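See structure below.
Throughout, a chain's letter reflects where its sequence line sits, starting with A, and its residues are numbered from 1. Predicted model only: the values in this text are computed from it and were never measured.
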Amino acid sequence: MTLFLPLNSQKMSDRPVRVRFAPSPTGPLHIGGVRTALYNYLFAKKHKGKFLLRIEDTDQKRFVEGAEDYVNDSLNWLGLTVDEGVREGGDFGPYKQSERMDKYAGYAHQLVKDDYAYYAFDTPEELTEMRAKLEANSMSAKYDATSRMSMRNSLTLSEDEVKERLDRGDNYIVRIKLPRNEEIRFQDVIRGWIVFNSSQLDDKVLLKEDGLPTYHLANIVDDHLMEISHVIRGEEWLPSAPLHVILYRYLGWEDTMPKFAHLPLILKPDGKGKLSKRDGDRLGFPVFPIEWKDPKTDEISSGYRESGYLPNAVVNMLALLGWHPSDNQELFDLESLINEFTLERVSKSGAKFDMDKAKWFNHQYLMKATGTEIADMVASQIEPKHTARGDKYLATAIEMLKEKVSFASEILPLGDYFFEAPSAYDEKVQRKKWNADIAGHITNYINSIVEGNMVSASAMEEQLQAYADSKEIGKGMLMQPLRWVVSGQAGGPPIFEMLELIGLEEVSKRLDRAIQKFPV
RNA sequence: GCUCCUAUAGCAUAAUGGUCAGUGCAGUAGGUUUUCAACCUAAAGAUUAGGGUUCAAUUCCCUGUAGGAGUACCA
């Protein structure tokens with residue numbers, strides 16, 4: 001039997017761990033991107049390494065106002081601190097590709113010089129024509145080893161003409177010159193050996209007509225210059241990974257090529273496909289960490305933060321979506337996540353987003369949070385009536401209500417009766433439990449606690465027991481109507497604690513109100 | 001179409017070349033509670049199909065099927 005060492009046990013200490021999260025500021029950060037950031041962060045911290053944030057904005061056409069701030073705000077909300085980045089600085093800056101534009105073209109030209117790339121002068125029309133022709137002959141429409149010799153580029157044109165075109169300032173791009181038929185393999189930390197044949201790839205553009213690099217070039221150059229040790233990114237990059245491997249080779253950087261780890265995708269909870277913005281709208285859960293307002297359309301996409309999710313819950317939920325610890329523990333704070341996290345325990349298969357579990361996680365953290373913390377979370381919902389009796393009152397009310405909901409945002413609406421007399425009364429209780437007898441008992445009881453100035457829950461409870469005993473009735477008979485008179489609800493927090501908080505004066509007013517509204 | 005990746009209950013996942021395949025969520029039943037929530041208990045629920053390798057496969061291999069991703073002068 002052959003013994004295999006765990007994939008990463010041997011070389012992890014070779015180089016300091018430096019990982020990057022490299023979003024492109026084209027809109028709000030999707031929850032899948034957030035998870036990628038999280039895994040990068042966890043991995044970096046686990047190995048006492050650095051977590052970098054690099055903004056990949058080489059495509060100016062797709063720039064979206066505010067998207068970069070959004071990334072920072074999101075990571076910040078979740079407590080994922082960036083070690084090096086645009087805001088944080090660092091020794092490997094700038095951390096925004098649009099500010100490193102002087103770094104890329106040179107490498108592209110170097111590759112041409114080394115015969116690993118070439119200039120291409122084809123017009124878009126010519127490219128379209130080429131693809132159409134190839135497709136018509138049921139060949140794959142690729143600009144590659146088999147088709148490039150019939151195109152207009154520095155491989156087919158004479159040296160003089162190429163020079164003339166370049167001197168003249170003709171538009172050109174640089175394409176990588178891939179080998180015709182070569183096996184390209186690399187070891188993915190999560191998936192093991194991945195094998196491609198170069199004939200399946202095409203001669204990707206490295207440098208665009210505007211002189212700016214494409215993702216592929218910029219990515220490799222920056223990862224190299226920033227001494228990135230591990231590239232942890234989504235599975236959507238897997239098909240272009242072999243191109244990146246070749247680029248490292250062609251640039252002479254293969255020795256320090258980072259290790260790759262391609263994360264599984266987060267899929268729609270129902271049906272098929274990658275989780276998208278629309279799914280959130282359709283199924284009623286956020287796909288974005290924090291609220292996003294589209295600068296062009298003013299369209300608002302809801303965020304976890306605004307929906308009452310706690311950052312810890314989101315982190316925990318995301319961590320477990322595609323990763324699992326070695327035991328059955330499920331509740332983790334960031335620190336214990338750092339201790340436990342390993343890329344080897346990331347699963348290979350895509351995970352459908354589980355809304356119910358997300359709720360459950362949030363509920364767990366809501367139970368741990370204090371009333372004051374929750375009040376801060378729902379600051380935008382707070383109206384004068386909520387704070388009229390002080391912050392402590394509000395916090396206590398929230399404390400009583402929090403275990404009944406999954407989201408902080410549900411708390412205030414649920415417990416409106418803590419802040420003003422009920423506007424609606426449960427109809428079923430009225431019908432079944434509200435009659436002259438009961439109303440009389442409730443009135444007697446409330447009057448007795450008011451007269452006795454019984455302000456504590458325990459005193460009120462004892463008094464109800466005593467009253468029920470004296471009338472030889474079960475106190476259970478009175479409890480729901482009592483709650484109903486005060487809150488209008490059929491259920492809620494422990495009733496005497498609720499009464500204690502609301503206070504005798506208000507309880508008494510509510511009794512009068514109920515009797516007036518529902519005469520018996 | 002082509003290439004690559006993936007496949008354990010409704011969902012997320014664990015484990016194993018060999019007794020009843022474990023856990024959480026959801027759902028079901030019961031308990032507890034004035035009520036709701038929480039909590040406790042119980043039952044139910046899965047190795048994609050077909051071939052191989054093997055004494056033995058859910059686990060390794062192949063094929064099919066299904067799903068996903070990629071296939072831009074986007075990232």
Provide, to the nearest angstrom, the distance between the CG atom belonging to A/L275 and the P atom belonging to B/rG68. 13 Å
Run the salt-bridge test on A/R100 and A/D222 with the 4.0 Å N-O cut-off and return the result as yes or no. yes
Any donor-acceptor N/O pair under 3.5 Å between B/rC74 base and A/R62 side chain: yes
Just compare B/rC4, B/rU23, B/rA75 and give me whichever is closest to any side-chain atom of A/T58. B/rA75
Given the P atoms of B/rA56 and B/rG22, what is the spacing between them in whole Å? 25 Å
Rounding to the closest angstrom, what is the interatomic distance between B/rC25 and B/rC39 at atom P? 8 Å
Between B/rU41 and B/rU32 - P atom distance, rounded Å: 15 Å
In the strands shown, is B/rC11 matched to any nucleotide by a Watson-Crick or G-U wobble pair with both distances under 3.5 Å, and which? B/rG24
Base, sugar-phosphate or nothing for A/D122? Non-hydrogen atoms, less than 4.0 Å. base
Under 4.0 Å, heavy atoms only, any strand: does A/V405 hit a base, just the sugar-phosphate, or nothing? nothing
May I ask you to say what A/D59 touches in the nucleic acid, namely base, sugar-phosphate or nothing, with a heavy-atom cut-off under 4.0 Å? sugar-phosphate
What about the rings of A/W323 and A/Y39, do their centers lie closer together than 6.0 Å? no
Please confirm whether A/F518 and A/W484 have ring centers closer than 6.0 angstrom. yes
Donor-acceptor pair present, A/K404 side chain and B/rC36 base, under 3.5 Å: yes
Look at A/E56 together with A/K96 and state whether they make a salt bridge at an N to O cut-off of under 4.0 Å. no
Once you apply a heavy-atom cut-off of 4.0 Å, does A/W237 come out as touching a base, just sugar-phosphate, or nothing? base
Short N-O contact, A/D223 and A/R20, less than 4.0 angstrom: yes
Please report, rounded to the nearest Å, how far the P atom of B/rA15 is from the CG atom of A/D327. 11 Å
Where the side chain of A/I194 is concerned, which of B/rC73, B/rC25, B/rC4 is the nearest nucleotide? B/rC4
What is the pairing partner of B/rU59, taking Watson-Crick or G-U wobble pairs with both distances under 3.5 Å in any strand? none
Short side-chain to backbone donor-acceptor contact, A/Q463 and A/Q465, under 3.5 Å: no
Of B/rU13, B/rC4, B/rG68, the nucleotide closest to the side chain of A/S347 is B/rU13
Residue-phosphate contact under 4.0 Å: A/T214 side-chain N/O, B/rC73 OP1/OP2: no
Pairing partner of B/rU6, by Watson-Crick or G-U wobble and under 3.5 Å for both distances, is B/rA66
Do the side chain of A/H230 and the main chain of A/P258 share a donor and acceptor less than 3.5 angstrom apart? no
Tell which nucleotide pairs with B/rU34, taking only Watson-Crick or G-U wobble pairs whose two distances are both under 3.5 angstrom. none
Between A/K208 and B/rC74, is there a side-chain N or O to OP1/OP2 distance below 4.0 Å? yes
Figure out the CG/P separation between A/L366 and B/rC36, and round it to whole Å. 20 Å
Scan A/F196 against the nucleic acid and name what it touches under 4.0 Å (heavy atoms): base, sugar-phosphate only, or nothing. sugar-phosphate
Write down the distance between CZ (A/F186) and P (B/rC4), rounded to a whole number of angstrom. 12 Å
For B/rU71, does either OP1 or OP2 sit under 4.0 Å from a side-chain N or O belonging to A/K142? no
From the list B/rU34, B/rA14, B/rC74, which nucleotide is the closest neighbour of the side chain of A/M479? B/rU34
Counting the atoms with a prime plus P, OP1 and OP2 as sugar-phosphate, which does A/E403 contact under 4.0 Å by heavy atoms, base, sugar-phosphate, or nothing? base
Taking pairing as Watson-Crick or G-U wobble with both contacts under 3.5 Å, can you name the mate of B/rA46, or confirm there isn't one? none
Under a 3.5 Å limit for both distances, which nucleotide forms a Watson-Crick or G-U wobble pair with B/rU54, could you say? none
Select base, sugar-phosphate, or nothing to describe what A/H262 touches, counting heavy atoms under 4.0 Å on all strands. nothing
Is it true that A/D170 and A/R165 have a side-chain N and a carboxylate O under 4.0 angstrom from each other? yes
Ignoring the backbone of A/E209, work out which of B/rC73, B/rG24, B/rA37 is nearest its side chain. B/rC73
With heavy atoms under 4.0 Å as the rule, sort A/I495 into base, sugar-phosphate or nothing. base
Taking the side chain of A/Q200 as heavy atoms from C-beta outward, which of B/rC4, B/rA14, B/rC73 is closest to it? B/rC4
Is B/rG1 paired to anything, Watson-Crick or G-U wobble with both distances less than 3.5 Å, and if yes, which nucleotide? B/rU71
Over all strands shown, is A/R131 touching base, sugar-phosphate only, or nothing at heavy-atom distances under 4.0 angstrom? sugar-phosphate
Counting just side-chain N and O atoms, does A/R345 come under 4.0 Å of either OP1 or OP2 of B/rA15? yes
When you compare B/rG24 with B/rG17, how far apart are their C1' atoms, in angstrom units rounded to a whole number? 28 Å
Side-chain (A/R345) to main-chain (A/P325) donor-acceptor, under 3.5 angstrom: yes
With a 4.0 Å cut-off on heavy atoms, is A/K274 in touch with a base, just the backbone sugar-phosphate, or nothing at all? sugar-phosphate
Could you tell me how far B/rU58 sits from B/rU16 if I compare only their P atoms? Round to whole Å. 16 Å
Considering Watson-Crick and G-U wobble pairs with both distances under 3.5 Å, what does B/rU19 pair with? none
Between B/rU34 and A/R483, is there an OP1 or OP2 to side-chain N/O distance shorter than 4.0 Å? no
Proximity to the side chain of A/E56 - top-ranked nucleotide from B/rA75, B/rU6, B/rG24: B/rA75
Select base, sugar-phosphate, or nothing to describe what A/G234 touches, counting heavy atoms under 4.0 Å on all strands. nothing
Counting heavy atoms not belonging to A/R431, are there more than 12 under 6.0 Å from its CZ? yes
Taking only the side-chain heavy atoms of A/A351 (C-beta and beyond), determine which of B/rA75, B/rU13, B/rC25 contains the nearest atom. B/rU13
Tell me the interatomic distance from A/H324, atom NE2, to B/rU8, atom P, rounded to whole angstroms. 14 Å
Roughly, in whole Å, what's the span from NZ in A/K475 to P in B/rU35? 11 Å
Among the candidates B/rA75, B/rA38, B/rA26, find the nucleotide nearest to the side-chain atoms of A/H216. B/rA75
A/L320 atom CG is separated from B/rU23 atom P, nearest whole Å, by 17 Å
Specify the separation, in whole Å, of atom CD of A/E235 and atom C1' of B/rG67. 11 Å
Any base atoms under 4.0 Å from A/I173, or only sugar-phosphate, or nothing? Heavy atoms, all strands. base
Sugar-phosphate only, base, or nothing, as touched by A/P23 at under 4.0 Å among non-hydrogen atoms: nothing
